[in-house]
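Below, chains carry the letters A, B, ... as their sequence lines are ordered, and counting in each starts from 1.
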Number of protein chains: 2
Amino acid sequence: MQKYYQKIKNSPIFYGMADSELDRMLECFKAVIKHYESGDTIIRSGDIITKIYLILDGEVNIEKDSYWGRRIIIQKLHENNNIALSLVASKNTESNVNAICTKDAIVLILNYEKCSAMCQNACMHHGAFIRNMFKILSKENVELIEKIENISQKSIRDKLLTYLSNESQKRKSNMFEIQFNRQELADYLNIDRSAMSFELSKLKQEGFINYKKNKFILKVQV
Amino acid sequence: MQKYYQKIKNSPIFYGMADSELDRMLECFKAVIKHYESGDTIIRSGDIITKIYLILDGEVNIEKDSYWGRRIIIQKLHENNNIALSLVASKNTESNVNAICTKDAIVLILNYEKCSAMCQNACMHHGAFIRNMFKILSKENVELIEKIENISQKSIRDKLLTYLSNESQKRKSNMFEIQFNRQELADYLNIDRSAMSFELSKLKQEGFINYKKNKFILKVQV
DNA sequence: ACATTTCTGTTGTTTTTACAACAAAAAGGA
DNA sequence: TCCTTTTTGTTGTAAAAACAACAGAAATGT
């Protein structure tokens, strides 16, 4: 735990807390560190969730298997993102998604139930904690709406352009690197990989974009 | 304001507050009531948002016009739902969606900025308020993920079955009424209305579902 | 450096969807 | 009630996407 103290301290979930406060919070939440390897399932659809998972390092996909066996990537999560916060907070304890580790990860696990139930002792700072989580949730919310915008486009071309221009806006540059490989991007946008590759080539040929592997350049403002 | 006092009091956003507390909150937030007529635009994409809108009655669609002029319905909101909470809370003040009134609405408008900035006086209960909003946000989050699940399905048929079975689960009955008319449902699921109608007929013919107007019956567990 | 595996791009074919145009049914108003 | 308007269902056609199969490029391990 000590090894990751600085990382934990810098996490937005504990933003603005002094060391002594943080220590008490960690104790109150019965915090533990757990390591996952790429490919591990952190949460399986159907699991009863009572803990919050804070990613300190690595990469985790939130996925869903459709009834017909197709994978849907809902989100890709990294350092400082949380898993299951909204689920636990909404008392909706049964997960309906899978959390799959895609790059070896270090995860801080907080027993939220425990603390929120009988929070008399150390948690004068539960207030600050809630405010932080509130901010995190609201940001997630905005991101989910953005994802809805991306996948709500009519054609493969529109989905790509919307996704790329949203990424460009976020990075405040028309030159950026995306987090997905082609298959993952296709799963994220709910389109066929090969059809997507084809459309990307066309967009490159027509001069709208340029790319090499995961580095993209938007040539026109969409 | 007095006219709607009971409705405001019962709203989840003020859950667990005594009358005196509520009064002070409303003052602190400079709360006002505003009426909108069906068709009115409450928020336009691009607007700078600093207030939270709580729907006391009526219906509001959160929509987005794609660059190419197609309408996307992101959410349909009713009594007790809020508009712009996540936006304001994430300090992301420029709206990128439209909020359109679809049935005459009564809306309580709260000046969130004002209060959260200099909250010394009445707001000992700001804590309870934040906790309530936190819960609301987390619920919204779960709903957005459900919407993503719905529209991430591959075919029109799968989208319909996923949507209908999710609705059925929420109402805990295989017989339920949906909130959308056909055009709205098509816009929500991002599909063509006529193609959707055709698929609905087929599903009915094949015995998977039955429906009349907005009343649906799921005949098989999907 | 080489072999092996994974990832990405290309092409033709089949399937699905969007679109347009219209018919039928339902809702609303005078 | 009848007329008008809105909503929903049906059909054929054109366009787009999925799928499959494979080639080429890049990454990985030895």
Visitor: Who are the side chain to side chain contact (heavy atoms under 4.5 Å, CB included) partners of B/K9, not counting sequence neighbours?
Guide: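 B/K9 satisfies side chain to side chain contact (heavy atoms under 4.5 Å, CB included) with B/Y5, B/Q6, B/D19, B/L22 once adjacent residues are dropped.
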Visitor: Would you give a per-nucleotide map of nucleotides 23-30 of chain C, 5' to 3', where B means the base has a protein non-hydrogen atom under 4.0 Å away, S means only the sugar-phosphate does, and - means neither?
Guide: ---S----
Visitor: Taking the minimum atom-to-atom distance to the side chain of B/Y211, which one of D/dT11, D/dG9, C/dG9 wins?
Guide: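 It is D/dG9.
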Visitor: Nearest-Å distance, CG (B/D187) to P (D/dT7)?
Guide: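 Taking atom P of D/dT7 as the reference, CG of B/D187 is at 12 Å.
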Visitor: Could you tell me which residues satisfy side chain to side chain contact (heavy atoms under 4.5 Å, CB included) with A/Y4, sequence neighbours excluded, listed by chain and number?
Guide: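 Per chain and number, A/Y4 pairs via side chain to side chain contact (heavy atoms under 4.5 Å, CB included) with A/I8, A/I33, A/H35, A/L56, A/I106.
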Visitor: Listed by chain and number, what are the side chain to side chain contact (heavy atoms under 4.5 Å, CB included) partners of B/R171, not counting sequence neighbours?
Guide: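 Only B/E167, B/F176 meet the side chain to side chain contact (heavy atoms under 4.5 Å, CB included) criterion with B/R171.
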Visitor: Can you name the side chain to side chain donor-acceptor pair (under 3.5 Å) partners of A/N166, sequence neighbours left out?
Guide: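 Counting only residues at least two positions away or on another chain, A/N166 forms a side chain to side chain donor-acceptor pair (under 3.5 Å) with A/N150.
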Visitor: How many Å lie between CZ on B/F198 and P on C/dA18, as a whole number?
Guide: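 The answer, rounded to whole Å, is 13 Å.
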Visitor: Please report, rounded to the nearest Å, how far the C1' atom of C/dT16 is from the CD atom of B/Q153.
Guide: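 These atoms are roughly 16 Å apart.
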Visitor: NA contact type, B/S201, heavy-atom cut-off 4.0 Å: base, sugar-phosphate, or nothing?
Guide: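 Counting heavy atoms under 4.0 Å across all strands, the contact made by B/S201 is with sugar-phosphate only.
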Visitor: What is the separation between atom CG on A/N214 and atom P on D/dA26, rounded to the nearest whole Å?
Guide: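 In whole Å, D/dA26 P lies 13 Å from A/N214 CG.
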Visitor: Tell me every residue that passes ring-ring contact (aromatic ring centres under 6.0 Å, His included) with B/F14, counting only those two or more places apart in sequence or in another chain.
Guide: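 With neighbours one apart ignored, the set is B/F129.
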Visitor: Tell me the interatomic distance from B/L160, atom CG, to D/dT8, atom C1', rounded to whole angstroms.
Guide: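 Going from B/L160 (CG) to D/dT8 (C1'), I get 14 Å.
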Visitor: Distance only, no hydrogens: is a donor on one side chain within 3.5 Å (strictly under) of an acceptor on the other, for B/S152 and A/N190?
Guide: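 Note: B/S152 and A/N190 side chains meet the donor-acceptor criterion.
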Visitor: Find the distance A/L200:CG to C/dC7:C1' and express it as a whole number of Å.
Guide: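 About 14 Å, once rounded to whole Å.
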Visitor: Rounded to whole Å, please give me the gap between CD1 in A/I178 and P in C/dC7.
Guide: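 My rounded result for the distance is 14 Å.
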Visitor: By side chain to side chain contact (heavy atoms under 4.5 Å, CB included), which residues pair with A/E37, not counting sequence neighbours?
Guide: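 Partners of A/E37 under the side chain to side chain contact (heavy atoms under 4.5 Å, CB included) test: A/D40, A/D104.
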Visitor: Which side-chain N or O atoms in residues 209-216 of chain B pair as donor and acceptor under 3.5 Å with protein atoms at least two apart or in another chain?
Guide:
| unit_1 | atom_1 | unit_2 | atom_2 | d |
| --- | --- | --- | --- | --- |
| B/Y211 | OH | B/S201 | N | 3.4 |
| B/N214 | ND2 | B/F180 | O | 3.3 |
| B/K215 | NZ | B/E177 | OE1 | 3.2 |

Visitor: Taking side chain to side chain donor-acceptor pair (under 3.5 Å) as the definition, give me every residue that meets it alongside A/E184, ordered by chain and number, with sequence neighbours left out.
Guide: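 Result, side chain to side chain donor-acceptor pair (under 3.5 Å) vs A/E184: A/K76.
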Visitor: How far does the helix from C/dA1-D/dT30 to C/dA30-D/dT1 bend, going by the axes of its first and last five pairs, to the nearest 10°?
Guide: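 It comes to 60° between the two terminal axes.
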Visitor: Give every residue pair that meets the side chain to side chain donor-acceptor pair (under 3.5 Å) criterion with at least one member in residues 132-141 of chain A, sequence neighbours excluded.
Guide: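 Qualifying pairs, neighbours excluded: A/N82-A/E140.
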Visitor: Let me know the distance between CG of B/L185 and C1' of D/dT8, rounded to the nearest Å.
Guide: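 The answer, rounded to whole Å, is 12 Å.
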Visitor: Write down the protein N/O and nucleotide N/O pairs, taken from nucleotides 14-18 of chain D, whose separation is under 3.5 Å; answer none if there are no such pairs.
Guide:
| unit_1 | atom_1 | unit_2 | atom_2 | d |
| --- | --- | --- | --- | --- |
| D/dA17 | OP1 | A/I156 | N | 2.7 |
| D/dA18 | OP2 | A/D192 | N | 3.1 |

Visitor: How about B/K34: does its NZ atom have over 12 heavy atoms from other parts shown lying under 6.0 Å from it?
Guide: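 Not buried by this count: 12 neighbours or fewer within 6.0 Å.
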